[in-house]
Amino acid sequence: MREKATVLGQELLGTTFQNPILLAAGTCGFGEEVSEVMELDRLGGIVTKSVTLEPRAGNPAPRVGEFRAGMVNSVGLANPGAESVRRDRLPWLRDRVRKARVLVSVAGHTPDEFLEVVSILDDADGFLGFEINLSCPNDTRRGGLPFALDPGEAARVMQGVRARTERPLLAKLAPNTPDFGPVVEAVQDAGADGITLVNTLPGLVLDPETGEPIIGAGAGGMSGPALRAVGVHAVWRASHHARVPLVGVGGVARGTDAIQYLLAGASLVQVGSASFWDPRSAGRVVKWLEEYVGRHAVENVSKLVGTARLPGSRGTPQEADD
Ligand code: RRO
């Protein structure tokens with residue numbers, strides 16, 4: 001039976017999200033890791049660590065380093081591999097997460113690797129759908145060029161995966177994209193049911209005393225407060241081309257951050273590295289949104305989506321005149 005509609009609830013991706021706040025991929029493992037410190041079923045959903053075909057040990061420590069504006073990471077896709085996730089991780093999610101929707105993040109070096117992972121996991125229980133990670137900045141085997149920066153490659157991955165599953169599919173895009181139009185259109189034409197923007201931004205933080213990078217792998221992906229304006233802008237740009245729901249992520253630590261993503265055009269919002277600083281951040285964002293919709297007499301949170309008041313309405317002044 002369907003849950004009673006609430007002000008923060010939305011019907012998306014063929015199901016009900018009780019609220020629009022999810023934990024981002026790579027910030028909550030496979031749920032169990034964080035379940036001691038946060039109540040997962042208070043959230044709209046969670047996205048697992050990216051799963052690859054083979055187990056990966058990941059990159060040398062330290063994998064995470066902080067600087068004034070946020071953090072850099074190069075975890076290097078550390079994960080137990082698709083077979084182990086199916087056997088050891090999905091049963092826990094099936095038994096323990098009831099109200100939050102679970103998306104499994106999938107990564108690979110080649111289009112074939114993505115579809116093999118999806119094929120292994122698809123008929124297991126415990127999750128709603130897949131977030132296809134087309135944008136890992138730390139995949140050195142691909143020469144540092146994520147699929148998401150090449151619309152043709154991104155479409156190839158999505159087409160392959162689409163042929164293997166009927167579950168909802170999100171495509172996760174990169175922030176360093178000069179023009180979101182071609183890649184947004186490519187992934188949705190290839191069968192994406194939603195689009196997540198953005199992954200971390202390539203970054204390098206050096207220790208001025210030693211000249212060495214602050215993380216073991218050298219360069220990494222930058223996240224935290226400085227990514228928020230980039231992510232909100234990406235969602236707004238993507239919204240001009242998207243026919244599917246958008247999921248905003250990057251620099252969300254508070255309700256006031258999440259609301260910007262909704263206004264820019266995202267239907268769902270993920271909390272990423274803020275959970276490393278305080279694991280209760282996502283729960284607090286939900287609480288703040290509950291107060292906000294009450295204070296503004298919002299009938300349903302979906303009414304806020306895409307209502308940013310930009311010059312020229314939803315476009316630049318030139319586009320509005322087109
Ligand atoms: O594992 C990582 O180093 C990683 C991944 Br897969 C990703 O998508 N984004 C990121 O910042 N780190």
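Keep in mind that what you see is a predicted model, and the values were worked out from it rather than measured. As the structure lists them, so they are numbered: ligands from 1, and atoms in each ligand from 1.
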> Which protein N or O atoms sit under 3.5 Å from any N or O of ligand 1? Give each pair with its distance.
{"residue": "ligand 1", "atom": "1 (O)", "partner": "Lys49", "partner atom": "NZ", "Å": "2.7"}
{"residue": "ligand 1", "atom": "1 (O)", "partner": "Gly76", "partner atom": "N", "Å": "3.4"}
{"residue": "ligand 1", "atom": "1 (O)", "partner": "Leu77", "partner atom": "N", "Å": "2.8"}
{"residue": "ligand 1", "atom": "3 (O)", "partner": "Asn73", "partner atom": "OD1", "Å": "3.3"}
{"residue": "ligand 1", "atom": "3 (O)", "partner": "Val75", "partner atom": "N", "Å": "2.9"}
{"residue": "ligand 1", "atom": "3 (O)", "partner": "Gly76", "partner atom": "N", "Å": "2.8"}
{"residue": "ligand 1", "atom": "3 (O)", "partner": "Asn138", "partner atom": "ND2", "Å": "2.8"}
{"residue": "ligand 1", "atom": "8 (O)", "partner": "Asn133", "partner atom": "ND2", "Å": "2.8"}
{"residue": "ligand 1", "atom": "8 (O)", "partner": "Asn199", "partner atom": "OD1", "Å": "3.4"}
{"residue": "ligand 1", "atom": "8 (O)", "partner": "Asn199", "partner atom": "ND2", "Å": "2.9"}
{"residue": "ligand 1", "atom": "9 (N)", "partner": "Asn199", "partner atom": "OD1", "Å": "2.8"}
{"residue": "ligand 1", "atom": "11 (O)", "partner": "Asn73", "partner atom": "ND2", "Å": "2.8"}
{"residue": "ligand 1", "atom": "11 (O)", "partner": "Thr200", "partner atom": "OG1", "Å": "2.7"}
{"residue": "ligand 1", "atom": "12 (N)", "partner": "Asn73", "partner atom": "OD1", "Å": "2.9"}
{"residue": "ligand 1", "atom": "12 (N)", "partner": "Asn138", "partner atom": "ND2", "Å": "3.3"}

> Who pairs with Glu166 by salt bridge (charged side-chain N to carboxylate O under 4.0 Å, His left out), at least two apart in sequence or on another chain?
none

> Partners of Asp88 by salt bridge (charged side-chain N to carboxylate O under 4.0 Å, His left out), sequence neighbours excluded?
none

> Is the distance between the ring centroids of Phe114 and Phe147 under 6.0 Å?
yes

> Please determine whether side-chain contact (heavy atoms from CB on, under 4.5 Å) holds for the pair Asn73 and Val64, giving the CA-CA distance in whole Å, both sets of side-chain angles, and the decisive distance to 0.1 Å.
CA-CA 4 Å; Asn73 88 82; Val64 174; 4.1 Å; yes

> Considering only NZ, NE, NH1 and NH2 on the basic side and carboxylate oxygens on the acidic side, decide whether Asp189 and Arg162 come within less than 4.0 Å.
no

> Mind checking ring pair (Phe, Tyr, Trp, His ring centres under 6.0 Å) for Phe17 and listing every partner two or more places apart, or none if nothing turns up?
none

